[in-house]
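Hydrogens, waters and symmetry mates are skipped; everything else that's a heavy atom, side chains included, is used. Letters A, B, ... are given to chains in the order of the sequence lines, protein chains preceding strands, and every chain is numbered from 1.
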There are 2 protein chains.
Amino acid sequence: MVSIREVAKRAGVSPATVSRVINGTANVDSIKKDKVLTVIHETGFKPNELARALFKKSSKIIGVIVPNIENAFFGELARAIEEEAYQNNYRILLCNSQNNTEKELLNIQTLNQLNADGIIIMTNSEDLASKIGPCQVPFVILDRKIEGLDEIAFIEADHYKGGRMATEHLLQCGCKNIVCMRGPQKFSSGQQRFLGYQDICKEYGLKEQWLDCDYDYEEGLRAAEELLSKFSDVDGILACNDMVAIAVYKVLLSKGFHVPEDIQLMGFDNIRFSKLFAPEFSTIIQPIREMGTLAAQVVVMHANGEPIQKENVFDVSLAERQTTRHTKEK
Amino acid sequence: MVSIREVAKRAGVSPATVSRVINGTANVDSIKKDKVLTVIHETGFKPNELARALFKKSSKIIGVIVPNIENAFFGELARAIEEEAYQNNYRILLCNSQNNTEKELLNIQTLNQLNADGIIIMTNSEDLASKIGPCQVPFVILDRKIEGLDEIAFIEADHYKGGRMATEHLLQCGCKNIVCMRGPQKFSSGQQRFLGYQDICKEYGLKEQWLDCDYDYEEGLRAAEELLSKFSDVDGILACNDMVAIAVYKVLLSKGFHVPEDIQLMGFDNIRFSKLFAPEFSTIIQPIREMGTLAAQVVVMHANGEPIQKENVFDVSLAERQTTRHTKEK
DNA sequence: AAACAGGTTGAAACCGATTTCATATGGAGG
DNA sequence: CCTCCATATGAAATCGGTTTCAACCTGTTT
């Protein structure tokens, strides 16, 4: 691996000049410049990013901390972040936290030690803020709001509106007896969606019925069983996300229920599989790609000293598919 | 951010001594050692990893290049790699190549410039080898074999056996007219699975019928249409992977076919969704987690100078689920 | 011819760690 | 008491870049 000093020697100039040529930070005599470029080409010289990052205090690395990369929702977000980062010449350091606060902290520390330019975090740890030590790296909080982290921006979808739309849609599809499988109430996502559900129930004079369910498939299986044993005559279910909706569907199927004939079902997120599944899931569309893209952009803009908007709430919309049946004659 | 010199000054020792304390590379007087540890604790000092990596020529970063992180198969592999790397105090730099050779090359270059300790690559670019410039970083090739890269190890499942097992299973389930949707023939995965199919056909005196299909959902939709228009009386389909199997299922459903009554269907990979889907997909189980784990282990072992086995082929097995129907009385 | 402006250039310091090497210290052995 | 050796320690070099700063041109103005 050839160094900048080696290039300088071969081109008969100083390392400073080579640096100026590769970075365009100052004028260089065009003859020398050509000579340097030739040598660079000949030797295949590439500046060592570590050395550069060490001096500049910026490694062009963005840390992305997700609870679980296997979860399609986070996979899709990660993909969008990666793509936008790549466009801006940043790289992604991916950390899978497994909802493990210790692991998150360790990863944050590593990113700090690496002079990362930003950390985009999707976390479930409500007490994370209190445990973080001194950290230079700016945070962007994605998908769920948590308290106490002094993030530079937070990005989420309009969960409240989503909760309202989903509930209202089930109503319009003829449901009289809707159960909400509400997500974790410690996060804004769970709270807001549930609030949306409650408000619609109040507005339409509907009975409010709910149970708690975490955001993953296994929890969905468990909660679906609980739901069936607890509530009778259910004709509409609001799952807290698409993975849970899939779990619910499978439980319903195994118990002999038909969807949407007997029970109608709404997901949330619009992960790719919600459309690939048979039947295709009616769900609330979060603009996953746009959210991921913005997260990466915010980090880049912050690094460039540009002003950024702190609160970013994305609009949601409804995908009416095969697990609900809109009575068109309404 | 406090530096090692600052710690040294406060503890009344030299930076060298502090370094020796944190790395345990030499004996240090226990009084001084305690003093240093106290100062480190007070100041919250964490050594800068960039500086360390620059000198050591090892950044404890493993590059992972996947064609598409949204694809569940790669998501699951990435997860396994991340976990094992984490256990060994390595971090993952994730690159999504979109099957774009340019992007892969750029990422390889970056990883090289970052003194990464290894690159685990799942690539579709057969001509990658010829385009890679000088690169210090050792490669591990995962899932598909490509020619010309001088990797330190390659890891894949026994695709040939998988192809045989899948075909034989369809036969035992009563299929007479099996079509193989074969994956890209430029990769060992596609070749070997197809070879397995062909060999079983020959052994049982079956007609060989196939068409080409890439490894993604959209391609699956296209190829399924082609299949139905090209072959009549099909009663068994060997999809090249699970995503394609899902696409095929949806096309069959829309055309009024019943699975497995009219047509039986086999996937490949055993991605998580193959079991979550309704119906659950019969498929060939690749030990995804084990493969990912080994990939990370190989990099770590190589970094430690330990000997490693170059060729690693993992055994596969069959998951008999709801898209095929084994006649038990056989 | 002296003074000055403007643009190039390289030596050296710097980023923050690690490691080499030479020196200082202390105890054992003659 | 002196030599010898082992151990502990810090100064300085190193990794490979970037940037500051002073020096050095070249040409223009007075």
Whole-Å distance separating the NZ atom of B/K35 from the P atom of D/dG10: 14 Å
Residues forming a side chain to side chain contact (heavy atoms under 4.5 Å, CB included) with B/N112, sequence neighbours excluded: A/M1, B/C135, B/Q136, B/V137
Rounded to whole Å, how long is the line connecting atom CD1 of A/I4 with atom P of D/dT14? 18 Å
Side-chain donor-acceptor pairs under 3.5 Å in residues 292-314 of chain A, sequence neighbours left out?
{"from": "A/T293", "atom 1": "OG1", "to": "A/R289", "atom 2": "O", "distance (Å)": "2.8"}
{"from": "A/Q297", "atom 1": "NE2", "to": "A/E84", "atom 2": "OE2", "distance (Å)": "3.3"}
{"from": "A/N304", "atom 1": "ND2", "to": "A/V300", "atom 2": "O", "distance (Å)": "3.4"}
{"from": "A/Q309", "atom 1": "NE2", "to": "A/E311", "atom 2": "O", "distance (Å)": "3.1"}

Give a yes or no on whether the backbone of B/N115 and the side-chain of B/K57 come within a donor-acceptor separation of less than 3.5 Å. no
Looking at every strand, decide which applies to A/K33 at a 4.0 Å heavy-atom threshold: base, sugar-phosphate, or nothing. nothing
How do B/A16 and B/L50 order along DNA chain C: which one's closest nucleotide is nearer the 5' end? B/L50
Under 4.0 Å between a side-chain nitrogen and a carboxylate oxygen: does that hold for A/E82 and A/R79? no
Under the side chain to side chain contact (heavy atoms under 4.5 Å, CB included) test, which residues partner B/S97, sequence neighbours left out? B/I65, B/P67, B/E104
Nucleotide N/O of nucleotides 5-8 of chain C paired with protein N/O under 3.5 Å:
{"from": "C/dT8", "atom 1": "OP2", "to": "A/N27", "atom 2": "ND2", "distance (Å)": "2.8"}

Has B/N88 got a side-chain atom pairing as donor or acceptor with B/Y90's backbone, closer than 3.5 angstrom? no
Checking the side chain of A/Y215 only, and the main-chain atoms of A/G190 only, is there a donor and an acceptor separated by less than 3.5 Å? yes
For the pair made of CD in B/E49 and P in C/dC15, what is the distance, rounded to whole Å? 19 Å
So, is B/S14 close to the D/dG10 phosphate, meaning a side-chain N or O under 4.0 Å from OP1 or OP2? yes
Does B/K57 place a side-chain N or O at less than 4.0 Å from the phosphate oxygens OP1/OP2 of D/dG16? yes
For B/R5 and C/dC15, what is the distance between atoms CZ and P respectively, to the nearest whole Å? 8 Å
Separation of A/I31 atom CD1 from C/dT9 atom P, in whole Å? 10 Å
Quick one: which of D/dT9, D/dG17, C/dA17 gets closest to the side chain of B/S3? C/dA17
Taking distance alone, no hydrogens or angles, what donor-acceptor pairs closer than 3.5 Å link side-chain atoms of residues 7-19 of chain B to residues at least two apart or in another chain?
{"from": "B/R10", "atom 1": "NE", "to": "B/E6", "atom 2": "OE2", "distance (Å)": "3.0"}
{"from": "B/R10", "atom 1": "NH2", "to": "B/E6", "atom 2": "OE2", "distance (Å)": "3.3"}
{"from": "B/S14", "atom 1": "OG", "to": "B/A16", "atom 2": "N", "distance (Å)": "3.3"}
{"from": "B/S14", "atom 1": "OG", "to": "B/T17", "atom 2": "N", "distance (Å)": "3.3"}
{"from": "B/S14", "atom 1": "OG", "to": "B/T17", "atom 2": "OG1", "distance (Å)": "3.4"}
{"from": "B/S19", "atom 1": "OG", "to": "B/N23", "atom 2": "ND2", "distance (Å)": "3.4"}

May I ask you to evaluate whether B/N23 reaches the phosphate of C/dT18, defined as a side-chain N or O under 4.0 Å from OP1 or OP2? yes
Check every strand shown and say whether A/S19 touches a base, only sugar-phosphate, or nothing at a heavy-atom separation below 4.0 Å. base
Starting at atom CG of B/L54, determine the distance to atom P of D/dT14, rounded to an integer number of angstrom. 14 Å
Closest to the 5' end of DNA chain D, once B/R20 and A/P47 are matched to their nearest nucleotides, is B/R20
Could you tell me how far apart B/N48 (CG) and D/dC15 (C1') are, to the nearest whole angstrom? 13 Å
Could you state the atom-to-atom distance from CG of B/L114 to C1' of D/dG17 in whole Å? 13 Å
Under 4.0 angstrom between A/R52 side-chain N/O and D/dT18 OP1 or OP2: yes
Taking everything shown except B/K33 itself, do over 12 heavy atoms lie less than 6.0 Å from its NZ? no
Does A/I31 offer a backbone N or O that forms a donor-acceptor pair with the side chain of A/D29 under 3.5 Å? yes
What is the bend of the helix from C/dA1-D/dT30 to C/dG30-D/dC1 when you compare the axis at one end with the axis at the other, using five pairs each and rounding to 10°? 70°
